[in-house]
Q: 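Quick one: the structure is below, and I'll ask about it shortly.
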Amino acid sequence: RLSARFASVALIAALITAYQIVPFFQQLVYLNRVYPGHIPHDSFGVSGVLSNLLTGHVFDSHRLPVVTTLVLLGILYSAVTRSAQAKIALTVLATYTVLAFGRATLGSLFNLLPLSQLVPFQRLVSGGDFGAILLAGLGGELLWKWWPSNSSRIRAIASVAVLLVLCTLALAQRWTFYRTSTQQMKRSALALRDDRDLPTVMSALREASPGRVYAGTRGNWGTWMAVGNVYLYDLLPIERFATVMPWQTLSLNAPLMWQLNIPSAKLCRLFNIRYVVAPPTLRTPSSYRPLVTTSHYNLYEVDSGGYMQLGQIARVLPMASNSDLYARNRDWIASQEPAEGRFIAFRPAGDQSDGDLEAAANPSFSAEDAPQLGLIQDEVVTPDSLSAQVTASSSTLLILKVTYHPNWHVTVDGREQHAFMVSPSFIGSLIAPGRHQVKAEYRSSELKKWLLLLSCVTLAATIGIWAFDLEHRFFGSFSA
């Protein structure tokens, strides 16, 4: 019966979340699984994980080990009672603890698990929290049953008193933590209010032409521009500016963003970094043209060329693994090919347009030929679309400086055009000679819409089963 319940819950959960899970696995090849050094994804091994657990660092984090004590009591109590609840709690905690050992201990065995390359292993420790919550409750049950049964009033008072003291000790630290957080938020709010230079920079960016903004990252000089307890690169997305700061690493070109530091004119053009906000003490290249100068920030403009660019395919390569793709794009960026307008076209498995890409490759194309490719005018950018008028003097490659995904659709003069991935994971499409109206639009797949309908129906059916107590009748007859 327990196995049947688990299976039914797993099936229902899978159906409800199918609209997210199925497309995710379908397009896994377009998700980054490379973490170039700044994210520790090998975990801490057996000794590190167990040491953090037993010393209270995981559950209490430098506080009195109240929760850790309750969890240990729960483990002891579970080993003695061996109830169903105890087995579930122990299984959850043990499973996630072993997984948190990571590749440092499990080695190649971890690669057998799905998405093992996507997960920072130390995050799996948080999965054990679900089991720990149950075990802490069982630890409280042990304290309740510790007193003799004939002293029910004393047992109740003593148990409640012990739990109240333990919870008060644990919550006291949380109160201090949240009080400190509140003070930091107030300090940041006052700093924002008193910063007279920031509104000047923000106003200039709002009035400027479209383009991405770069204000450093948390790994370089971006931390020099603090406003209270936040940084300028934190504020730009809040103000709805397109930025280059890699807030997550799932995008294929996200690992490359961490290496920008002070982007050159070549990189600014490649990633359409049109504006750079930097502290006055930072030495910037001569290609940065000052727009606004204040005592705290300098706003520069760079000739980035816009969200679209004309170029040529230098070579065609098969779609490789994440690590190989990252290495190829890294080496490509370090070369002169981006400045020369020479791009790599990546050929996915099963693509029926491979011959077109090979035929369009022009290895002899040079930087001197770039100005003769054509002209891009009237560029319009929205959150889910790009459009422009493109005049091509010959058959050429149009690059859209947006991370490639199969759901991006490119139309030329109203007709769907084949889109493919080019270095460093941008959208590419071949354009015939002449004047064209080009539009790229992100559209969800039809499959996801049907899966969303399935999820809604499953959720409604689940609520109906609960409302009419059909689950109890089914499993009651099943166990009989």
Q: Indicate, with yes or no, if the rings of F343 and W332 have centres closer together than 6.0 Å.
A: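 Between F343 and W332, the centre distance is under 6.0 Å.
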Q: Answer with yes or no after comparing the ring centroid distance for Y404 and Y30 against a 6.0 Å cut-off, counting only values under it.
A: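 Yes: the rings meet the under 6.0 Å criterion.
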Q: Filter on salt bridge (charged side-chain N to carboxylate O under 4.0 Å, His left out), then keep only pairs touching residues 132-143, sequence neighbours left out; what's left?
A: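 For residues 132-143: E141-K145.
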Q: Test of understanding: with ring-ring contact (aromatic ring centres under 6.0 Å, His included), list the residues that count as partners of Y214, not counting sequence neighbours.
A: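 Per chain and number, Y214 pairs via ring-ring contact (aromatic ring centres under 6.0 Å, His included) with W221.
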Q: Tell me every residue that passes side-chain hydrogen bond (donor to acceptor under 3.5 Å, both in side chains) with Y233, counting only those two or more places apart in sequence or in another chain.
A: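 For Y233, no residue satisfies side-chain hydrogen bond (donor to acceptor under 3.5 Å, both in side chains) once neighbours in sequence are set aside.
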Q: Could you list the residues that satisfy salt bridge (charged side-chain N to carboxylate O under 4.0 Å, His left out) with R179, not counting sequence neighbours?
A: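 Counting only residues at least two positions away or on another chain, R179 forms no salt bridge (charged side-chain N to carboxylate O under 4.0 Å, His left out).
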Q: For L73, enumerate each residue passing the side-chain contact (heavy atoms from CB on, under 4.5 Å) test, keeping only those at least two apart in sequence or located in another chain.
A: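 Result, side-chain contact (heavy atoms from CB on, under 4.5 Å) vs L73: T69, L142, L143.
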Q: Going by salt bridge (charged side-chain N to carboxylate O under 4.0 Å, His left out), name the residues that satisfy it together with R443, two or more places apart in sequence or in a different chain.
A: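 Here the qualifying residues are E416, E441.
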Q: Aromatic rings F271 and F426: how do their planes relate, parallel, tilted or perpendicular, breaks at 30° and 60°?
A: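 F271 vs F426 ring planes: perpendicular.
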Q: According to side-chain hydrogen bond (donor to acceptor under 3.5 Å, both in side chains), who are the partners of E239, at least two apart in sequence or on a separate chain?
A: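 By the side-chain hydrogen bond (donor to acceptor under 3.5 Å, both in side chains) rule, E239 matches R206.
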Q: Which atom pairs, one a donor and one an acceptor, fall under 3.5 Å between side chains of residues 86-102 and the rest of the protein, sequence neighbours left out?
A:
from	atom 1	to	atom 2	distance (Å)
T91	OG1	K87	O	2.6
T95	OG1	T91	O	2.6
T97	OG1	L93	O	2.6

Q: For atom NZ of K266, decide whether the heavy atoms of other residues, nucleotides or ligands shown that lie under 6.0 angstrom number more than 12.
A: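 For K266, atom NZ is crowded (more than 12 foreign heavy atoms under 6.0 Å).
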Q: Applying salt bridge (charged side-chain N to carboxylate O under 4.0 Å, His left out) as the test, list every pair that has at least one member in residues 321-333; sequence neighbours left out.
A: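 Passing the test, one end in residues 321-333: no pairs.
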Q: Are the side chain of S429 and the backbone N or O of H418 linked by a donor-acceptor pair below 3.5 Å?
A: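 Pair found, side chain donor or acceptor close to backbone of H418.
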Q: For R240, check side-chain contact (heavy atoms from CB on, under 4.5 Å) against everything at least two apart and list the hits.
A: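 side-chain contact (heavy atoms from CB on, under 4.5 Å) list for R240, sorted by chain: empty.
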Q: Quick one: salt bridge (charged side-chain N to carboxylate O under 4.0 Å, His left out) partners of K449, sequence neighbours excluded?
A: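 Residues passing salt bridge (charged side-chain N to carboxylate O under 4.0 Å, His left out) with K449: E446.
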Q: Using side-chain contact (heavy atoms from CB on, under 4.5 Å) as the criterion, list what pairs up with N52, not counting sequence neighbours.
A: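 So N52 forms a side-chain contact (heavy atoms from CB on, under 4.5 Å) with H57, V58.
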Q: Could you verify whether a donor N or O on one side chain and an acceptor N or O on the other, from N32 and S251, lie under 3.5 Å apart?
A: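 Not at all, the side chains of N32 and S251 share no donor-acceptor pair under 3.5 Å.
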